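Taking it in order: structure first as structure tokens, then the write-up.
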Amino acid sequence: MSHLASTDPELFRAVSAELDRQRHGLEMIPSENFASLAVLEALGSVLTNKYSEGYPGARYYGGCENVDVAEQLAIDRAKQLFGAEHANVQPLSGAPANIAVYSAVLAPGDTVLGMDLGHGGHLTHGHPVTWMAKLFTFVRYKTNHETGLIDFDEVRALATQHKPKLILAGYSAYSRAIDWSTFKEIADAVGALTMADIAHIAGLVAAGVMDSPVPTFDVVTTTTHKTLRGPRGGMILSKATHAKVIDKAVFPGFQGGPHENNIAAKAVAFKEALAPEFKDYAAQILKNAKALEQVFADSKLGICFKQTDNHLLLLDVTPLGLTGKRAQELLDAVGITVNKNAIPDDTRKPTDPSGIRLGTPALTTRGLKEAEHERIAKTIVEVLSKPDDEAAERRARQTVAELTDAFPLYPELS
Ligand code: DSN
């Protein structure tokens, strides 16, 4: 980055400081990961200079022959990776991908049945603060407190009562496996379309370590930067019958010129995810999450949804006399990054909820396995159980330093 350093030293210092933060901390926000150097190179390439409204072979600009190659590679690899009939790789991120699907398959006033945000759903699944909630009628299902699982009796009853046009599954803070076939069966019974938002678990689905909704659902959206380990971005997979309306909804309906540098980086990430070693990576993500769970299960922390079947855990920190914000700050102070998060039916406000959410994709990319995750979980429990204990804080910092030294991040970057 010698050019950035001389052109804009102030910005260069911020980027360098962020590299330093990522290297010397334990990144446990479950939606974050570390993209490969090849992905970063594609992102920083001259493809950022090109306008290319339209799709490969049908653009509104000249000179698109090279970005056509990049975008077609991304499309073909996405279809191969997920076994999808159609892929649109232009959505700028997960929220735009979801909004594009709504605009493709719904009319204003239509009803959507999706998960309550507090039970692991996402803002774009109809939270009242979003513009989408003004356009469409969102009805929300929840999980069952006793089992930690989606309450399919409630989903069925709400679907029968409200006759939604679309049933939405797939979450950002739910730690259990998803029974796609029961959603499909309920949707078929009421004549609804099915949409899965697999932003969090896409890498696990691609690797085959979690069940895929792609064979049965009408539409599947995802981000590309979480478990898929690609660049920050989004993607829509669908049955061929929905291809036209989805492509039209993304462009010209909702977005302008695609970010071809980003799309090229997605193509690289998909190639990496198609490699056999990605399956080992995804399997290790799950093993590491279980290693965390085993330690937390022996602590006073509450495990929401009873257990984890994926890459994340949602923990209730109130039994320790903490709030989510305080827990996040305590862990931040020792170099462990998590995010405060609402727990199901939380009575606290979103800016200082009752829980924290943490996961294993980024540390698994760094090479940490079960033994290291067990050590980290014990450190987390100690820090949260002894908030004012300087010796505990010192020990935690020491653990973080030892682990980050033992598993270097981006050693090639200076
Ligand atoms: N912000 C993402 C997450 O952290 O899960 C979801 O959009």
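Whatever order the structure lists ligands and atoms in, that order sets their numbers, starting from 1. Computed from a predicted structure; not experimentally measured.
- Side-chain N or O atoms of N288 include one that pairs as donor or acceptor with a backbone N or O of E370 at under 3.5 Å.
- Looking at atom 5 (O) of ligand 1, its nearest protein heavy atom turns out to be H200 NE2, 2.6 Å.
- Between D316 and R348 no salt bridge is recorded (no basic side-chain N to carboxylate O distance below 4.0 Å).
- Using cut-offs of 30° and 60° on the angle between ring planes, the pair Y141 and Y171 is perpendicular.
- Residue H122 approaches ligand 1 through these ligand atoms, each under 4.0 Å from one of its heavy atoms: 6 (C), 7 (O).
- The aromatic rings of Y55 and F251 stand perpendicular to each other, their planes meeting at an angle above 60°, with 30° marking the opposite boundary.
- By the 4.0 Å heavy-atom criterion, E32 is excluded from the residues contacting ligand 1.
- A search for side chain to side chain contact (heavy atoms under 4.5 Å, CB included) contacts involving T137 returns T111, not counting sequence neighbours.
- Under 4.0 angstrom from ligand 1, there are no non-hydrogen atoms of H225.
- In this structure, atom 1 (N) of ligand 1 has its sub-4.0 angstrom surroundings free of protein heavy atoms.
- At least one N or O atom of S31, backbone or side chain, sits closer than 3.5 Å to an N or O atom of ligand 1.
- Atoms of ligand 1 lying under 4.0 Å from any heavy atom of S172, numbered from 1 in the order shown and given with element: 5 (O).
- Seen from the ring of Y281, R229 counts as a face-on cation partner, given the 6.0 Å and 45° thresholds.
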